[in-house]
Amino acid sequence: MAEKQWITKQKTDRTLTLPVLTFPAVQKMGVSVTELITDADLQAKAMKIVADLCPMSAALSMMDLSVEAEAFGSPLKFADDDVAAVTDRIIASMADAEKLAVPNAGAGRTALYAEGIKKAKELINDRPVFAGVIGPFSLAGRLMDITEIMVACYIEPETVNLVLKKASAFIKGYIELLRQSGADGVVMAEPVAGLLSPELCEMFSSAYIRDMIAPYKDTEFIFVYHNCGNVVPCIDGIASLGADAYHFGNSMDMVQIMELMPNDLMVMGNIDPVLFRHGTPEEMKDAVTNLLQSCSKYDNFAISTGCDLPPASSWDNIDAYFEAINAFYNQ
């Protein structure tokens, strides 16, 4: 399989980085998080602001893990200074799962996010534009409640699989809508799968994601898999997903991850997002330098954040992150 151009560029230019960075744009725009996640024009503007300020290898849409659940009918709590959150489950039984209707791609705010991608592509022409989507098990966990789905994996696997089939059908359609809207790739967040055993991770997450990735293998459309959970027990199955790049969280030892992942797969991570919010520029530069000293020896490593950056992240710390990368590779 020929390597995709964006991956080749990532490996060639070691200064390239893809932090999960969008929400801090609200500080530059003077808008609330709720306003941002409910307005396609503001989303495109936010992506353009970040692209202009930050030397990222791609522009990213918001990592809003509420939007797909909302399309299924999940109730949400919105906040001016934080991302929307699902407040209650909508599936408590097999009967609920059987009644669950699969929304059309574009239901709820998914149409708004697709429109945001389209508008962002009109503004950003110097790098790819990636959309954010949720993974199937993480979506099912929001529909069923994360604690409840963990129990159901053992005592009601048929219910879980039925919900996953419907969740996956919707995510597939949503990814294609985003692609048709101009997205050059997607970053799929599947953190809840980090709670599963290797066998359950394969059964309830990886098998579904592998099927989602397959249609795009022979295209230049980029598929980035993100999991900020404990991926070590499941790493073999995750590595076989067929994603173009893998993005891991700060709870993991990145050197251990690099040793476990095949050296032909692009691996990204894992500066703690909390450091962007509560650290100092000096602490940020130390963290970046230390991580690069440990991992830059791996040709398939690209430094990134461990997860999505909080809206209130310090722009001084964001600037320090990029400065430290440049300083390390250009010393």
Side-chain angles (χ1 to χ4, degrees), residues 37-38 40 61-77 83-118 131-146 148-153 156-183 185-193 196 200-216 221 223 225-226 241-243:
I37 66 175
T38 55
S61 182
M62 292 81 240
M63 187 179 279
D64 179 352
L65 303 188
S66 70
V67 66
E68 294 91 347
E70 182 188 29
F72 275 94
S74 294
L76 302 185
K77 179 182 179 181
V83 186
V86 174
T87 58
D88 200 4
R89 64 179 178 173
I90 59 172
I91 300 170
S93 65
M94 174 59 92
D96 291 336
E98 290 172 342
K99 290 186 294 184
L100 184 70
V102 178
N104 293 321
R109 286 182 297 129
T110 60
L112 184 149
Y113 272 91
E115 183 67 15
I117 290 291
K118 181 179 179 181
V133 297
I134 197 171
F137 191 72
S138 298
L139 174 54
R142 281 157 175 77
L143 300 178
M144 297 180 67
D145 180 82
I146 291 175
E148 295 296 333
I149 198 173
M150 296 304 297
V151 175
C153 285
E156 297 180 72
E158 298 86 359
T159 301
V160 177
N161 269 314
L162 178 56
V163 175
L164 281 166
K165 288 176 183 177
K166 294 184 176 184
S168 296
F170 176 67
I171 294 169
K172 282 182 181 178
Y174 184 33
I175 291 173
E176 185 57 22
L177 173 63
L178 292 165
R179 189 192 66 81
Q180 292 175 6
S181 299
V186 293
V187 177
M188 173 174 280
E190 182 70 320
V192 184
L196 296 170
L200 294 182
C201 185
E202 173 61 33
M203 184 185 307
F204 294 124
S205 176
S206 297
Y208 290 94
I209 294 175
R210 208 172 280 116
D211 185 52
M212 294 177 191
I213 293 174
Y216 303 105
F221 190 79
F223 207 108
Y225 173 88
H226 165 78
L241 289 174

Taking the side chain as everything from C-beta on, heavy atoms only, tell me whether [X] gets closer than 4.5 Å to [Y].
X      : Y      : value
Asp211 : Lys172 : yes
Leu100 : Leu143 : yes
Met144 : Thr159 : yes
Val187 : Tyr225 : no
Ile175 : Phe223 : yes
Leu196 : Cys153 : yes
Ile209 : Phe137 : no
Thr87  : Leu76  : no

How far apart are the closest heavy atoms of [X] and [Y], and which atoms are they?
X      : Y      : value
Gly132 : Leu178 : O-CD1, 4.4 Å
Gly242 : Ile213 : O-CG2, 3.4 Å
Ala105 : Thr110 : C-OG1, 4.2 Å
Val160 : Ala152 : CG2-CB, 3.6 Å
Gly106 : Leu177 : N-CD2, 3.6 Å
Pro136 : Ser168 : CB-OG, 3.5 Å

Considering residues at least two apart in sequence or located in another chain, which fulfil the side chain to side chain contact (heavy atoms under 4.5 Å, CB included) criterion with [X]?
X      : result
Pro157 : Phe204
Ala92  : Arg89, Asp96
Ala40  : Leu112, Glu115, Lys119

For [X], salt bridge (Lys or Arg N to Asp or Glu O under 4.0 Å) partners two or more places apart:
X      : result
Glu156 : none
Glu176 : Arg179
Lys166 : none

Mind listing the side-chain donor-acceptor pairs of residues 65-74 below 3.5 Å, one per line with the distance, residues two or more places apart or on another chain?
unit_1 : atom_1 : unit_2 : atom_2 : d
Ser66  : OG     : Asp64  : OD1    : 2.5
Ser66  : OG     : Arg109 : NH2    : 2.9
Glu68  : OE2    : Ile134 : N      : 3.1
Glu70  : OE1    : Arg109 : NE     : 2.6
Glu70  : OE1    : Arg109 : NH2    : 3.1
Ser74  : OG     : Ala69  : O      : 3.3

- Message: Donor-acceptor check, side chain of Ser138 to backbone of Val192, threshold 3.5 angstrom: yes or no?
- Response: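 Here the side-chain-to-backbone pair exists.
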
- Item | With sequence neighbours excluded, residues passing side chain to side chain donor-acceptor pair (under 3.5 Å) with Asn104 |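 Once residues adjacent in sequence are excluded, Asn104 has no partner under the side chain to side chain donor-acceptor pair (under 3.5 Å) criterion.
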
- Query: If you look only at pairs with a residue in residues 201-210, which of them pass as a side-chain hydrogen bond (donor to acceptor under 3.5 Å, both in side chains), with sequence neighbours excluded?
  - Reply: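 For residues 201-210: Asn161-Tyr208, Glu190-Ser205, Glu202-Arg210, Arg210-Ser240.
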
- Please step through side chain to side chain contact (heavy atoms under 4.5 Å, CB included) for the pair Ile171 and Met188, ending with a clear verdict. CA-CA 10 Å; Ile171 294 169; Met188 173 174 280; 3.8 Å; yes

